[in-house]
Every structure is written in C-alpha cells, then in structure tokens.
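What follows is a single structure, written as structure tokens, with notes after it.
In what follows, chains carry the letters A, B, and so on, assigned in the order in which the sequence lines appear, proteins first and then strands, with residues in each chain numbered from 1. As the structure is a prediction and not an experimental result, all values here were calculated from the model.
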Amino acid sequence: MYIREEGLEADVATLPFDVRPAAQASFGDYGMPLMPWAGKQRLGRPPMQIAEGVAERLRTTHSAIIREVSVARPGFLNITLDQPSVGQGILARVAAAGEGYGVAQAGAGVKVVIEHTAINSNKAAHVGHLRNSCVGDTAARMLRTQGYQVEVQNYIDDTGVQVADVVVAQELIRRGELEVEGGPEPLPGESFDYYCSRIYVAVGKAYERRPELAEMRRAVLHSIEHGGAREPDLPDYAQQAAGLSAAIVQAHLTTMSRLNIYYTLLTWESAIVAAGLWRHTFETLRDRGILRKPESGPAKGAWILPFGEGDSSSDEGDHSSDKILVKSDGTATYTGKDIATQLWKFGISDDPSIGVHFHFLPWGKQENGEELWTMRATATADEAKREAPAADFGHANRVVNVIDVRQSYPQQVVYESLRRLGYVEQAENSRHLAYEVVALSPAAAASLGIDTSDGRSSYAMSGRKGIEIKADDLINLAIERLLAPREPDAAPSMSRATAATLATSAIRYFMVRFDLQQIIVLDIDQALRPSGDSGVYLQYAHARAQSILRRLGEAGYQAPTKLPSLPAALDQSEWDLLRHIDAWPRALAEATDLLEPHRVAAYAFDLATRFSDFYDHTSPVLREADASVKAFRAMLVRATTQTLRNALLTLGIEPLDRL
RNA sequence: GUACCCGUAGCUCAGUGGAUAGAGCGUUGGUUUGCGGAACCAAAGAUCGGAGGUUCGAGUCCUCUCGGGUACACCA
C-alpha cells in the first residue's frame, strides 16, 4: 500500500517481510526491520523515511488489533498490539483446537520411515543409546503433529561379531573356562541384557589373554552368518544366537517403554540377508557397473564402491577412499547391508520378480496399546495366518535415520549409492539425523572406577570395556533420588509411580534439550537435577496449573468457554504468557521442519517459566472478585495447561495433573 | 594429510544477519498469611577462542589461525 501510494517501482514479493517478536518490551510487541528495503536495488530511499511512511499508512487503517505503531532508528517499524482483542483471539484459538492446538497438516499424505534405537543385540542399553532413542522418538512425535504418517523402525544387527562374542562367552562358561567379574551365572534379580553385558566384557578380556580363542570366535561367527553349516558334535550356534538376540531385544524394549518409547516394526539384519535382499542389491549394483573388484592392492578380492578422489597416504599409512561393500570372504559389510535396507524402506525392492519377500508378524502388544511388528524371511503356515500385508511397511516418501555423527561417512555412501542407482529423489529424501555422542564427566567416570587423574574433561564410553552407564541404572537412580525426602526427617512425598513418571520426564528432557551437535558430557547430578531447566520443573508447572483448574471446579466455578471481552489492562506477565502460547504452532512447525527436538524442549521450558511468572505476579484466580478478570484468568490457565500438555506429549512426557 | 563438528558468564548450555547477547546451576541478598516454595524477585558475573573481511548492521556469513573432538576399517 505504501509503495503504491508513493508511486514507487518495486516488486513487493521480493521485499522481506521479516516480522519478529520485539527484542525489548519497550519497543512494542513486534518489530520489522525495513533497512533491507532501502537499497538502490529496492526502494532507493532512506530506511527511516520508508519506516515513517509505512507507519503512517498502518495508523490510518485503524486496525482493531493494532494499538500503536512507532519507528526507531535505523529503520525499525514497531507495532504494539491491542492486548484485549489479540488476547481474546489467542484464547479462542486454543480453546477451539484443544489437543489439536499446534497440529498441522503440512505432512499430510507423506509417509516417513524413521529408524532409531538400533542397539546391537549383545548387551544392555547405555546412556548413549538413550540419546538416540529419545531424539528419535521425539522426532517421530513431532512429525506426527505435522500430519506425517510415521513408521518407527528399530533395526537390529543380530549377525555381527558382537553377538558371536556372547555366544563364545556362553560356550566358555559351559566349559568352565571363563572368568567373569561377579560370577559366571546371572546374579539374583539381574536382567538378561545386564548379564550379557557382563560376560561380553569378560570374553573381551579372555581374547587378549588367549589368542587361540580367535579360532572359536571365527567358527561361531561363520555358523551365525551361514546357518546350519556346523560340525555334528557342536551346539547349534546360529539358533543360540537367534534366541540370545530375541531375549536381549525384548529387554531393550522393556527399558525403552519405561521412557514412553515405542516402535512400529523391528527389522533384523539376519532377515535382510536371509530373504535375499542383500544379494539382490549386490547383484544390481554389480550389474550396473557401479562396483569394482580390484585384482591387487589393499582391497584385493573384495567388491568396492569407488568413492571420492582416489587413494591418499599420510603418516599413518595408506587410505583408500573407496568403500568396501563385500569382504574378500564374500560376506557383506555393514554399509552394504545398509544400502539394501535403505532401498527396501523406499519400497524399491518391491517387484515380485526380484523374489525378495518378507513376512510381517506380530511381536506383541506394547504398553501404549499398539502392536509391535517384526519382520522375518520365513514363516510357518500357522504364522502366515497372522501376517500383515507387506505393503503396510516401508514404502516411505522420506526416510530419517537417527545415528550418531561418527557414522556420517557410511551414511553418505549409502545415499550416494542410491543416487548412482538412479534413485535420485530417494537419495534426496534420505536424511541422516546425526547427533553427537554422550560422554562421561570425570565424576561419572570415577564412579565407574576409571582413573581420572589425567584431568581430562570427559571420558568416552565403551561397551566393550564396560565403561558405560546403563540406561536402566540411570532411570532407577533418578527414581530413588526423587523418592528421597527433601528434608532429613520428612516422609517420602510421592508415590513410586509418580516418581517413575518424573524420572522419565527428567531423563527425556535432559536427552533432548541440547543441540544435536553438542556432545553431552553426562554428569549424574546435573542430569537428574529436579529444579530449574528440567523436566521436573515442567511437571510442577503443569500440576500447579491443573490444581488451579481443579480447585475452581471444586468451588463450583464454571469457566466460560468464550469471553465477551478481556480486561482493558493486562498484567505484563499475562501478556507475555499469552504471546508465548500463541507462538506454539509456529515453534512446533519450525522445529519439525528442521528436525530439532531441542527447540520443543526450549519452548516448553519458556512456557513454564512464563506461567510461573504469571502465577507469582497476579492475585489468585480462586479468590478473584471481578467476574470478567476471573473468567479471563481461568481461561488463560486453561490455555496454558493445554499448550504445555501438548508440548510435553510431543516430548514424550506424560503430563501429571498432581504430584 | 583431507573433511566435518565444538569453542558464548565460575560450571552446563540457548541464541532466524537486526535494536541493550539470554537461561539453568553455583555465589550474595530478599519473598510467611494468596490458588503447591522442586517456586519467585534482585545483585554480581561475557572484550561471544584470536585476527582480518563482507554488510547500513556479525555471536551468527567468508578467509586465515589457535585449542578440543570425530571420521576417512574387509571393525561395528
């Protein structure tokens, strides 16, 4: 309008409309820099003059929601809103949307397969895996709010040496040849995955002392990878390994369900190999001339994917930038099988003529009531009756792989392979959601008996060496700390169930509140702190708000569902709270587009602090005499709980109504 | 060697190229009668690792550099 009236030649669409919340309350509510409009390529006049001009036009429109328009150097347009009318609109929107406040349809009709957790099936989950699962589960929940159809897959590498190692450990224990810290038998109350972690560490030490065990390890691994091929007098290692993997995965699922983390489908590396998906993928890559088989050099006899600029050498020796997909003994590498899995996720291996067929069978009901499915290469006639159609799984438009940042290079190889096979669109719709690792603080490391006298600021975990904090241990410790009386003589103040929910809140919040590229140096006290910027604080804010609503109801007060008008003057804390509630749908949509869960955590914390502000700066709703003020505040509290509730659910935290 | 990530208050971290860089923890001092104090208020605490550059404007973008981490395996 300004441009037209001034008779200026400019394409309005090219001008940035960069409206943002004001940096300071004294500027107004929203600000918009008009400096970018000033350049010679744009309007060609000083920014202050433009700002004055636009401000004048805005003033003369007499909009109901704008109370004041001002201008500040060097060219900001500041807008102060009419609080009663804008606030009324915000409250009405939240009330109308309810649980759907923040929900959008940007992803309608788009199927996303998101893979997370993916813990090797030979040991218990540790806090590093927890970050993966919490980030992945939160991302899945975020995607669902935007209308995406989300399938959560948990990929289990059940064929590698780590599983073989536990089988070797069991065999050595049977022969009475393995020394295990804590004893070779499961301890009373010890879960199976914990027991396996223990004997896994023990067998690792045994390998160092007894090099001749390498032969046994190789035999077990070969048996697992080829199934059936075994000496008649030896145990069936393949079957033993399969049973082991299933039991450990079940233990992982139990751990994750304590944190409200659930899945749609378990995918197994053994099934991908057994169904011929890997063989088909390999043959396709080979037949299209994408692979090479060097006759000499370090990769002699292996099938490689040429990658990068060729070979390079450094002080540490020669490196090939090629990626080996098939080892010289004919077995596939991790990356090779990852390419096959990625193709399947997109539904590319669907063609019946390929002959790759998976059976999808129920694994069991999860605690959230949803069925978990598993994927197998074969099924008995009986099982086939319970099978789900293969079309229900995979066939994604977009694939998200939640894997730590150290796997960036292999992931890049996977996506590049898709591209070279001609699946350019699928390659572009593949996303490696990379996160940094969890390391241990010196205090945490010392608690595991590690020598920290070298003064390093953090210590890497290692499941192989037993240097790790297990997920269940952290959860249990959190519960104990919450149950511990705050005053020396006081009785426990909450039930065990409440403490468990709070522990979940604290841990999930802690695991996602950092930027993904930030290494988390885990300090137990910091992670489980129940005050300040924490999941527990969010729960208290929510419970306090709920308690106000509950007591209003008990007093027979019926809050109106619609307000004829708001009080003319709002308290600053009321206005700040309203504006932040208003920001939720946009904050959630942006966080989801960027797949940055920490933004949701930050939003929830900001909302909770603004509610606390409001709570402490206004007189109690319960005793409010002025009917219109009471109605407004009751609705504001209701809108707050609704928004906070929606944010907590997105974070996978079950909101508590009372503590 | 090559590539990527991190460096912001004593500590742990936020921070769309935009106005006076924000939280939590810790420190110091406050808040009883009023809806749950695991809360709130106030104070102190930052030449955003360093040097150049681009820009009307840089913690944010570019180049160089210093410190820390990771990857470049027929491991997983």
Side-chain angles (χ1 to χ4, degrees), chain A residues 18 20 22-24 26-27 31-33 35-36 38-39 46-47 72-76 78 120 157 160-162 298-304 307-309 312-316 319-321 323-329 331-336 404-410 412 434 436-437 439 441 456-458 460 463-464 482 486 493 502 513-521 523 525-527 529-534 536-537 539-541 543-545 547-552 555 590 594 598-599 601-602 605-606 609 612-613 615-624 633 637 658-659:
Chain A
D18 187 14
R20 58 185 66 214
Q24 278 180 71
S26 62
F27 296 149
M32 178 162 145
M35 294 77 88
R73 280 187 315 136
F76 285 100
N78 287 321
N120 289 342
D157 175 14
V161 285
Q162 16 32 43
K300 183 185 173 198
W303 286 93
I304 62 158
F307 203 76
E309 305 290 316
S312 61
S313 52
S314 70
D315 297 343
E316 294 122 49
H319 294 283
S320 167
S321 48
K323 187 76 192 169
I324 292 174
L325 299 187
V326 180
K327 306 177 208 170
S328 48
D329 68 359
T331 58
T333 61
Y334 225 58
T335 305
D404 80 57
V405 71
R406 294 172 302 185
Q407 307 261 357
S408 295
Y409 172 63
Q412 203 188 331
E436 263 292 359
V437 296
S441 70
R456 288 163 54 194
S457 60
S458 72
R464 207 163 39 78
L482 287 159
R486 293 178 69 76
S493 56
L502 284 182
R513 59 176 271 239
F514 303 98
D515 184 285
L516 293 176
Q517 284 163 333
Q518 193 72 243
I519 295 174
I520 297 181
V521 179
D523 177 88
D525 290 332
Q526 189 209 343
R529 182 181 295 144
S531 64
D533 189 359
S534 75
V536 178
Y537 173 82
Q539 288 282 21
Y540 270 87
R544 204 175 298 128
S547 150
I548 294 172
L549 296 177
R550 188 170 57 243
R551 297 209 32 198
L552 280 171
E590 284 177 0
L594 298 166
H598 78 277
R599 288 170 180 261
F605 178 66
D606 280 348
T609 52
S612 292
D613 258 6
Y615 182 84
D616 281 294
H617 285 98
T618 57
S619 54
V621 184
L622 284 169
R623 301 185 174 202
E624 182 57 51
R633 292 205 178 136
V637 173
R658 60 201 316 169
L659 300 171

Inset, instruction - Scan Asp606(A) against the nucleic acid and name what it touches under 4.0 Å (heavy atoms): base, sugar-phosphate only, or nothing. - result: nothing
Legend entry - Donor/acceptor link under 3.5 angstrom from Gln526(A) side chain onto base of rU12(B): no
Inset, instruction - I would like to know whether Ser619(A) and Glu624(A) meet side-chain contact (heavy atoms from CB on, under 4.5 Å); could you show each step before the answer? - result: CA-CA 7 Å; Ser619(A) 54; Glu624(A) 182 57 51; 3.4 Å; yes
Legend entry - Interatomic distance, Ser441(A) atom OG to Arg456(A) atom CZ [nearest 0.5 angstrom]: 12.5 Å
Legend entry - Donor-acceptor pair present, Asn78(A) side chain and rA19(B) base, under 3.5 Å: yes
Inset, instruction - Take Leu482(A) and Pro74(A), find for each the nucleotide of RNA chain B with the closest heavy atom, and name the residue whose nucleotide sits nearer the 5' end. - result: Pro74(A)
Legend entry - Side chain of Pro33(A) (C-beta onward), nearest among rC35(B), rG18(B), rA19(B): rG18(B)
Inset, instruction - Write down the partner of rG24(B) under the Watson-Crick or G-U wobble criteria, each distance required to be under 3.5 Å. - result: rC11(B)
Legend entry - Gap between atoms CZ and P, on Arg20(A) and rG57(B) respectively (whole Å): 17 Å
Inset, instruction - Quick one: label Ile519(A) by what it contacts on the DNA or RNA (base, sugar-phosphate, nothing), any heavy atom closer than 4.0 Å. - result: sugar-phosphate
Legend entry - Nearest-angstrom distance from the residue atom CG of Asp616(A) to P of rA39(B): 11 Å
Inset, instruction - Could you say whether the aromatic ring of Phe605(A) and the base of rA23(B) stack, counting only centre distances under 5.5 Å and plane angles under 30°? - result: no
Inset, instruction - Using atom CZ of Arg550(A) as one end and atom C1' of rC35(B) as the other, report the distance to the nearest whole Å. - result: 11 Å
Inset, instruction - Go through rG18(B), rA14(B), rA38(B) for me and flag the one nearest to the Asp515(A) side chain. - result: rA14(B)
Inset, instruction - Give the nucleotide from the list rC75(B), rA71(B), rC40(B) with an atom nearest to the side chain of Arg406(A). - result: rA71(B)
Inset, instruction - Answer yes or no: does a side-chain N or O of Gln517(A) lie under 4.0 Å from OP1 or OP2 of rC6(B)? - result: yes
Inset, instruction - Determine whether any donor atom in the side chain of Ser408(A) lies under 3.5 Å from an acceptor atom in the base of rC4(B), or the reverse, and answer yes or no. - result: no
Legend entry - Who pairs with rC64(B) - Watson-Crick or G-U, where each distance is under 3.5 Å: rG50(B)
Legend entry - Minimum-distance nucleotide to Pro620(A) side chain [options: rC75(B), rC40(B), rG34(B)]: rG34(B)
Inset, instruction - Just call it for Gln24(A): base, sugar-phosphate, or nothing, with non-hydrogen atoms closer than 4.0 Å on any strand. - result: base
Legend entry - Whether over 12 other heavy atoms sit under 6.0 Å from Arg550(A) CZ: yes
Inset, instruction - Examine rG34(B): is either OP1 or OP2 under 4.0 Å from a nitrogen or oxygen in the side chain of Arg623(A)? Give yes or no. - result: yes
Inset, instruction - Please figure out whether Pro410(A) or Gly31(A) has its closest RNA chain B nucleotide nearer the 5' end. - result: Gly31(A)
Legend entry - Interatomic distance, His598(A) NE2 vs rU12(B) C1' [rounded to whole Å]: 15 Å
Inset, instruction - Give the rounded distance in Å between these two atoms: CG of Leu622(A) and C1' of rC35(B). - result: 4 Å
Legend entry - Candidates rG36(B), rC56(B), rA39(B) - which lies nearest the side chain of Ser612(A): rA39(B)
Inset, instruction - With heavy atoms under 4.0 Å as the rule, sort Asp157(A) into base, sugar-phosphate or nothing. - result: sugar-phosphate
Legend entry - Arg513(A) to Phe605(A) six-membered ring, cation-pi geometry met (6.0 Å, 45°): no
Inset, instruction - Indicate whether Phe514(A) forms a stack on rC13(B); treat it as stacked only if centroid distance is below 5.5 angstrom and interplanar angle below 30 degrees. - result: no
Inset, instruction - Could you work out the separation of rG17(B) and rG68(B) based on their P atoms and round it to a whole Å? - result: 30 Å
Legend entry - Among rC25(B), rC6(B), rU16(B), the one nearest Gln518(A) by side-chain distance: rC6(B)
Legend entry - Pi stacking test for Tyr540(A) and rG36(B): under 5.5 Å apart, planes under 30°: no
Inset, instruction - State which of rC35(B), rC75(B), rA38(B) makes the closest approach to the side chain of Pro530(A). - result: rA38(B)
Inset, instruction - Check whether more than 12 heavy atoms from other residues, nucleotides or ligands sit under 6.0 Å from atom CZ of Arg464(A), and answer yes or no. - result: no
Legend entry - Nucleotide opposite rA39(B) in a Watson-Crick or G-U pair, distances under 3.5 Å: rU31(B)
Inset, instruction - Identify the nucleotide, in any strand shown, that forms a Watson-Crick or G-U wobble pair with rU2(B), with both distances under 3.5 Å; if there is none, say none. - result: rA71(B)
Inset, instruction - Answer yes or no: is there a side-chain heavy-atom contact under 4.5 Å between Ile520(A) and Glu436(A)? - result: no
